[in-house]
Amino acid sequence: MKKLLITVSLLTGFVALAQGTQKNDSAKVQEIKEVVMTKKVFKKESDRFVYDVAASPVAKGNTAFGLLKETPLVSSTDDKTLKIAGKSNAVIYINGRVTQMDAESLVQFLKNTPAENIQKIEVITMPGSEYKVESSDGIINIVLKKKASNGLNGSLRMNNQQNYYNSTGAGLSLNYRKDKLGISTNINTSENIEEQYYILKNGNSTATNQSEGRITDPNKNLGGYLNIDYQLNDKNSLALTYNSRANRSYNSTVNLFNTTTDSVKNETDYTWTRSKEDARSYNNSANLNYELKTDSLGSKLNLNVAGLLYKRFQNSNNFTIASDQNGNDGKSLLRIYQEQPQVIHNFSATADYVQKFKKDLTVSFGGNFNKTKTDNDTKYDTYNYITDLVDPQPNHFLYDENIFGGYLTVEKVFSPKFSGKLGARYELTNSEGHSDNAQDENLRNIKRDYDKLLPYLSMNYAINDKNTISYAFSSRMRRPSFWELNPVRNILTEFNYTQNNPFVKASSVYNQELTYMYKSSYFLILSHSLTKDQITQVPLQGVIDGKNQLRYIRTNFGDKQQLTAMLGMQKTFFKGYLTSNFNIGLQRNMNNGSLNQDPLTGDIFPTYENHIASNSLLIQTNNNIRLDKNKTWFLGVNYFYVDRQQIELGQLHNLMSLDLNIKKIWDQWTFSLGFNDVLNTHKIVIEDYQQNGNYNYVNQNQYRRGVELTIVYNFGNQKVKKVRTIDSADKDIKNRTR
């Protein structure tokens with residue numbers, strides 16, 4: 001549904017502390033102290049942080065998703081998405097290969113996977129050149145335990161959540177292994193109604209607009225995946241993966257009461273904006289993988305070919321209705337009808353080779369090819385009830401894109417104390433957009449070719465047994481998503497809408513990170529990120545055709561820098577009854593951008609500028625309390641706070657949330673009752689005041705306060721070996737669809 005999407009990266013991190021114990025033997029005349037060797041729960045390796053789940057007290061009875069929220073450097077503020085400290089996105093890998101599922105399916109998968117099946121979790125904050133990730137993405141790699149037993153196992157998950165409306169979900173996962181054949185599958189479904197309440201204000205000394213009301217968006221989802229993995233012999237393996245997802249969102253509605261004031265004429269007009277939207281989308285993809293092990297050291301060749309078909313169909317009617325100050329309906333003034341279909345076809349192929357040598361030297365190289373075609377046949381009709389005139393504005397936008405990429409990475413362990421990794425990725429992009437119906441000649445043919453060399457470096461040095469220091473530098477690209485390039489308007493009110501932009505070009509992102517660890521228990525991370533040609537949403541406001549308008553334009557908006565300093569610690573108290581994570585950080589955002597022209601219409605607005613820097617305090621703590629000796633009752637107390645900070649749209653007010661959870665483990669059953677946003681403080685408020693007198697205010701209540709009941713049942717042979725997860729050739733393309 002038409003809405004402002006605000007993404008806030010939370011700064012968080014956790015450290016697990018392994019404690020040695022001493023035991024007294026009363027049977028001896030002389031007291032003997034036994035030294036117990038303990039395993040490091042959390043440690044820094046060459047290019048990643050490693051969290052040893054087997055040594056963690058929170059693993060038993062947990063799910064993979066729940067365990068990830070307890071993992072150092074990882075957080076979740078909405079129980080739907082996972083974030084890595086200081087990163088825009090977390091890409092999930094399993095056994096070194098990216099997962100095939102879209103976001104919703106992935107969450108269902110993680111919430112149905114027992115944490116006992118996980119050996120360790122690797123957090124890669126600065127991915128090397130061999131990883132095909134964009135922007136400032138980080139990677140979470142889940143390493144599963146190796147179990148060789150044949151048989152069938154699975155899990156069933158059911159949940160019910162009550163926020164403003166009630167929502168339900170269920171998922172079934174099955175895993176089968178018979179000698180060389182492995183099959184895994186999942187099917188899940190969910191139904192929810194997302195309710196939001198908006199207060200929108202904008203204007204200046206001569207004219208003001210205010211819109212207030214509700215946006216209601218019902219959704220039904222059905223999805224699943226099928227993985228078939230067959231080991232031809234000791235060296236050769238073949239795998240086929242199929243993923244499918246369907247979403248239906250019918251009867252999404254907008255009801256906003258608008259107040260428009262002209263201070264010069266001393267006039268005030270009242271109207272209603274009411275709209276109804278129906279949308280549905282389908283996402284189907286398949287990937288064929290071949291793996292060849294070339295020697296006993298671990299060298300291997302990996303080949304992937306993949307196909308993706310994505311379809312989204314969307315139509316809406318937006319009405320402007322006259323009203324009085326009490327909200328009583330008058331006559332209809334305007335109707336805007338839109339159809340916004342999008343069809344994406346993609347073919348992808350990757351080839352990766354890892355050569356391992358003696359003396360801890362590894363060389364990796366490979367390449368990838370992506371070919372994508374998008375078809376966006378948009379209809380936009382405006383009907384004026386007063387003049388009885390129809391203004392049709394169709395736009396058939398076709399976009400073709402070819403991406404060629406290659407990389408080389410060299411990793412060397414020079415000594416037990418020092419290791420390093422050096423690499424580079426080269427990417428070439430050819431793209432062309434055509435618009436059959438565009439009134440502007442510049443929109444009819446948009447051709448853009450660009451290439452980029454992306455270097456990478458990381459070093460890790462263990463000063464001694466207690467102190468470790470590491471440094472990493474990474475460069476990435478952030479390509480616009482396909483929906484961002486489709487030149488359509490998403491109408492909120494007649495003079496307040498978002499607008500995409502086919503002229504958006506890729507951003508360049510440069511990241512640096514310095515990490516210090518003490519006793520594998522405490523860490524300090526200093527990081528810097530520079531984004532050139534930042535892709536974002538910019539509010540342009542001004543009087544066009546005699547009306548004060550506000551357009552949120554998707555565009556490149558100058559440069560952005562972010563400095564972060566984070567201190568983290570995790571400790572277990574009272575013989576394991578309390579595991580507490582606490583971390584605190586400072587973040588400095590530096591924005592530098594300006595815009596005054598709508599790139600599609602050419603309309604000139606008063607310049608919107610953002611050259612403001614802000615300093616923010618960020619705090620997060622997760623506490624897991626064991627309530628009984630048998631480890632069957634647990635209480636979770638989680639809290640986060642994000643201070644005011646400057647973003648591209650203006651100043652984002654502070655965010656805060658307190659979440660509680662109580663969990664009961666009974667044999668193969670897990671019952672969990674969660675209370676989210678107990679204090680009802682997770683509300684988004686953005687304010688912006690320009691020197692030219694324009695101001696903009698957004699107040700968005702997403703009704704995050706709620707109660708959720710989850711029941712998970714694990715069945716079958718729990719020693720079944722997990723199916724090999726394959727790195728799909730089209731994973732980058734999936735990330736750029738909705």
Side-chain angles (χ1 to χ4, degrees), residues 2-11 83 86-89 134-137 198 200-202 476-481 483-485 489-490 492 496-501 503-511 527-542 549-564 587-600 605-616 618 642-655 683-692 694-700:
K2 279 77 71 174
K3 52 195 169 186
L4 301 177
L5 300 179
I6 308 300
T7 302
V8 180
S9 297
L10 295 182
L11 181 64
K83 293 285 185 182
K87 303 299 173 182
S88 60
N89 186 37
E134 294 196 351
S135 186
S136 58
D137 291 352
Y198 277 93
L200 308 173
K201 301 177 183 178
N202 67 84
R476 294 287 175 185
M477 296 178 66
R478 195 290 213 193
R479 294 182 178 86
S481 299
W483 63 267
E484 292 177 299
L485 294 170
R489 299 175 182 176
N490 291 311
L492 191 62
N496 189 334
Y497 55 83
T498 64
Q499 183 171 285
N500 299 329
N501 180 6
F503 297 105
V504 174
K505 59 183 180 180
S507 299
S508 299
V509 184
Y510 305 93
N511 299 301
S527 63
H528 174 260
S529 175
L530 169 63
T531 303
K532 307 287 288 185
D533 298 317
Q534 166 84 355
I535 300 175
T536 189
Q537 205 168 249
V538 177
L540 285 184
Q541 183 181 173
Q549 301 190 20
L550 176 61
R551 304 176 188 176
Y552 290 92
I553 307 295
R554 183 68 56 175
T555 190
N556 298 102
F557 189 64
D559 302 336
K560 179 180 180 179
Q561 295 189 69
Q562 187 178 89
L563 288 168
T564 302
Q587 180 174 296
R588 180 171 175 81
N589 292 341
M590 292 170 283
N591 303 275
N592 186 22
S594 63
L595 185 72
N596 70 342
Q597 185 176 25
D598 186 325
L600 297 188
F605 287 79
T607 301
Y608 175 82
E609 295 185 284
N610 190 339
H611 307 289
I612 302 174
S614 64
N615 300 312
S616 305
L618 306 102
V642 181
D643 202 358
R644 286 173 174 254
Q645 56 182 289
Q646 189 73 20
I647 61 175
E648 290 83 358
L649 291 175
Q651 186 178 77
L652 175 67
H653 287 205
N654 58 51
L655 294 171
K683 299 177 182 179
I684 295 173
V685 178
I686 302 172
E687 284 184 292
D688 179 71
Y689 295 90
Q690 294 287 302
Q691 290 185 354
N692 58 31
N694 287 344
Y695 73 90
N696 187 26
Y697 173 86
V698 177
N699 188 318
Q700 180 185 14

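Note that the coordinates shown come from a computational prediction; the quantities given were computed from them, not determined experimentally.
- Taking every heavy atom of both residues into account, L540 and D598 meet most closely at CD1-N, 3.9 Å.
- D688 and Q651 form no side-chain donor-acceptor contact under 3.5 Å, judged by distance and modelled atom types alone.
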side-chain contact (heavy atoms from CB on, under 4.5 Å) between Q549 and Y497, worked out: CA-CA 9 Å; Q549 301 190 20; Y497 55 83; 4.1 Å; yes

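- Y695 contributes atom OH, which lies 8.0 Å from atom CD of Q541 (distance to the nearest 0.5 angstrom).
- When atom types are taken as modelled, the side chain of N556 and the backbone of D533 share a donor-acceptor pair closer than 3.5 angstrom.
- Here the straight-line distance linking atom CD of Q645 with atom CG of L652 works out to 5.5 Å at 0.5 Å rounding.
- Looking at N501 and E484, their side chains never come closer than 4.5 Å, going by heavy atoms from C-beta outward.
- With hydrogens and angles ignored, the 3.5 Å screen pairs no side-chain donor or acceptor of T531 with any backbone N or O of V509.
- Contact annotation: the side chain of I553 approaches that of Q499 to within less than 4.5 Å [non-hydrogen atoms, C-beta and beyond].
- No side-chain donor-acceptor contact under 3.5 Å links N500 to the backbone of L485.
- Here the side chains of Y510 and R476 are not in contact, with every heavy-atom distance at 4.5 Å or above.
- Atom-to-atom distance recorded for N615:CG and R644:CZ is 14.0 Å, nearest 0.5 angstrom.
- A salt bridge does not link E648 to R554: none of the charged side-chain nitrogens sits closer than 4.0 Å to a carboxylate oxygen.
- With values rounded to the nearest 0.5 angstrom, I535 atom CD1 is found 8.0 Å from S481 atom OG.
- Here the CG-OG1 distance, from N490 to T498, works out to 4.0 Å after rounding to the nearest 0.5 Å.
- Formation of a donor-acceptor pair under 3.5 Å by the Q690 side chain with backbone atoms of E609 is found in this model.
- Side-chain contact between N696 and L550 is present, with heavy atoms from C-beta onward closer than 4.5 Å.
- The OG atom of S594 sits 10.0 Å away from atom CG of N610, with the distance rounded to the nearest 0.5 Å.
- Proximity of N511 to S527: side-chain heavy atoms (C-beta onward) are nowhere separated by under 4.5 Å.
- Contact of the N694 side chain with the P606 side chain is registered, since non-hydrogen atoms from C-beta on lie closer than 4.5 Å.
- Tested against K560, the residues M590, K532, Q534 include a single side-chain contact (heavy atoms from CB on, under 4.5 Å) partner, Q534.
- Considering only heavy atoms from C-beta on, L492 comes within 4.5 Å of L200 through its side chain.
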Run the side-chain contact (heavy atoms from CB on, under 4.5 Å) check on V698 and Y552 step by step: do they pass? CA-CA 12 Å; V698 177; Y552 290 92; 3.7 Å; yes

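- What you find for K683 and L655 is that their closest heavy atoms are O-CD2, 3.1 Å.
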Are Y608 and N596 close enough, and set up right, to give a side-chain contact (heavy atoms from CB on, under 4.5 Å), and what steps lead you there? CA-CA 6 Å; Y608 175 82; N596 70 342; over 6 Å; no

Go through H611 and N591 one step at a time and tell me if the side-chain contact (heavy atoms from CB on, under 4.5 Å) criterion holds. CA-CA 5 Å; H611 307 289; N591 303 275; over 6 Å; no

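- Counting heavy atoms from C-beta outward, L595 and T555 have side chains that approach closer than 4.5 Å.
- Checked by atom type, the side-chain pair N589/Q646 shows no donor-acceptor distance below 3.5 Å.
- With hydrogens and angles left out, the side-chain atoms of H528 and Q562 include no donor and acceptor closer than 3.5 Å.
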